[in-house]
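In what follows, chains are A, B, ... by sequence order, proteins preceding strands, each numbered from 1.
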Number of protein chains: 2
Amino acid sequence: MPDSETRLGHMLSRLRERGQRITPQRLAILRILADSEGHPSVEKIYDVVVRDFPTTSLATVYKTVTLLKELGEVLELEFSQGSNRYDGSKPFPHPHVVCTRCRRIVDPDLESLSALTAQVSRQTGFKVVNHRLDFYGLCPQCQKEKR
Amino acid sequence: MPDSETRLGHMLSRLRERGQRITPQRLAILRILADSEGHPSVEKIYDVVVRDFPTTSLATVYKTVTLLKELGEVLELEFSQGSNRYDGSKPFPHPHVVCTRCRRIVDPDLESLSALTAQVSRQTGFKVVNHRLDFYGLCPQCQKEKR
DNA sequence: CTTCATGCAAAACATTTGCAGCTGG
DNA sequence: CCAGCTGCAAATGTTTTGCATGAAG
């Protein structure tokens with residue numbers, strides 16, 4: 001698979017065409033986000049990056065994530081309690097299932113919400129450009145645990 | 001309409017049956033939440049309550065809202081940037097439309113998501129107990145404004 | 001070389017907590 | 001009375017910002 005067709009390759013060229021630099025730290029952050037199955041938090045990304053670059057700071061991770069957000073290359077899932085979670089592999093709105101116990105987040109396969117979006121637009125007069133659909137509950141593993 | 005059938009009346013009895021006190025500040029907070037068309041933030045509630053009770057503190061509002069949340073008598077809409085918003089008139093999950101410019105929040109009328117919820121449950125093995133569906137965009141008023 | 005990025009520390013916010021004093025029932 | 005509430009201030013946790021130094025291109 002040619003580099004330009006991978007998520008990482010795409011992210012890299014988006015950065016380059018904006019004249020942004022590719023530093024080793026950035027590359028490490030991009031790698032993690034590009035195939036982020038786990039919807040990592042900034043802290044989680046940081047934990048992995050410091051292994052290779054011990055002087056890395058949280059601020060740097062925040063700055064890079066913010067940059068990618070502006071480019072639309074990462075999807076941010078906001079949570080007011082606990083930290084935000086990020087998805088760089090599917091940077092477009094899609095449903096999530098969130099375990100309220102262990103905070104695991106997975107992607108279910110669902111029909112698109114375009115019909116619903118159109119209906120909302122018609123009804124409220126809003127120009128709808130984004131949406132968020134989360135389901136909350138207990139993941140299979142947490143259902144087995146006591147309490 | 002008998003008191004027990006209003007949202008306010010219902011909230012009051014829920015508090016009483018748990019042995020919680022009805023203070024003047026609490027009553028004021030409950031009133032605002034009971035017919036909260038505007039999905040107010042804690043700050044917004046506070047602003048209104050201080051008019052009548054100038055010594056009121058933000059902490060008190062937070063504490064009362066937390067209490068109502070535990071009782072399931074208020075729905076919390078979490079936002080990591082900006083403050084959380086609360087709905088005491090419909091304290092069960094329902095879709096919202098959020099203006100990304102002025103932060104106005106309105107309730108569209110949509111079919112229930114029970115079919116979707118069941119599908120998610122089946123597919124992921126999660127025990128789904130809650131959901132959140134937000135649409136983001138510009139409200140009619142903000143579409144008219146420049147920029 | 002000249003931006004732009006990094007990394008530290010401090011600031012900014014929303015929210016929570018500890019605790020002395022107050023008050024509803 | 002007295003358990004529960006209030007209000008102040010301090011603490012918390014996440015994210016942002018300022019700025020001097022460093023490195024990518």
**Item:** Closest non-hydrogen atom pair, Val98(B) against Phe126(A)
**Value:** C-CE2, 3.7 Å
**Message:** Using a 4.0 Å heavy-atom cut-off, does Glu43(A) contact any base of the nucleic acid, only the sugar-phosphate backbone, or nothing at all?
**Reply:** nothing
**Asked** Do any pairs count as a side chain to side chain donor-acceptor pair (under 3.5 Å) and have a residue in residues 121-131 of chain B, sequence neighbours left out, and if so which ones?
**Response** none
**Asked** Hey, where on DNA chain C does chain B first and last touch, going 5' to 3'? Cut-off is any atom under 4.0 Å from a heavy atom.
**Response** dA14(C) to dG25(C)
**Asked** Tell me the salt bridge (Lys or Arg N to Asp or Glu O under 4.0 Å) pairs involving residues 58-72 of chain A, sequence neighbours left out?
**Response** Lys69(A)-Glu76(A)
**Request:** Let me know, please, whether Thr60(A) or Ser83(B) comes out on the 5' side of the other along DNA chain C by nearest nucleotide.
**Result:** Thr60(A)
**Request:** Mind grabbing the angle between the end helix axes of the helix from dC1(C)-dG25(D) to dG25(C)-dC1(D)? Five pairs an end, 10° rounding.
**Result:** 40°
**Item:** Which atom of Leu138(A) lies closest to which atom of Cys142(A), heavy atoms considered
**Value:** CD2-CB, 4.1 Å
**Request:** List for me each residue that meets side-chain contact (heavy atoms from CB on, under 4.5 Å) alongside Arg103(B), sequence neighbours excluded, and say none if there are none.
**Result:** Phe79(B), Arg85(B)
**Item:** Residue mapping more 5' on DNA chain D - nearest nucleotide basis, Gln81(B) or Ile22(B)
**Value:** Ile22(B)
**Request:** Extract, from 5' to 3' on DNA chain D, the first and final nucleotides lying under 4.0 angstrom from some heavy atom of chain A.
**Result:** dT14(D) to dG25(D)
**Request:** Give Gln25(A) one of three labels, base, sugar-phosphate or nothing, depending on what nucleic acid heavy atoms sit under 4.0 Å from its own.
**Result:** sugar-phosphate
**Asked** Looking for any heavy atom pair under 4.0 Å, which part of the strands does Thr56(A) touch: base, sugar-phosphate only, or nothing?
**Response** sugar-phosphate
**Request:** For Pro24(B) and for Phe79(B), find the nucleotide of DNA chain C with the closest heavy atom, then tell me which residue's nucleotide is more 5'.
**Result:** Phe79(B)
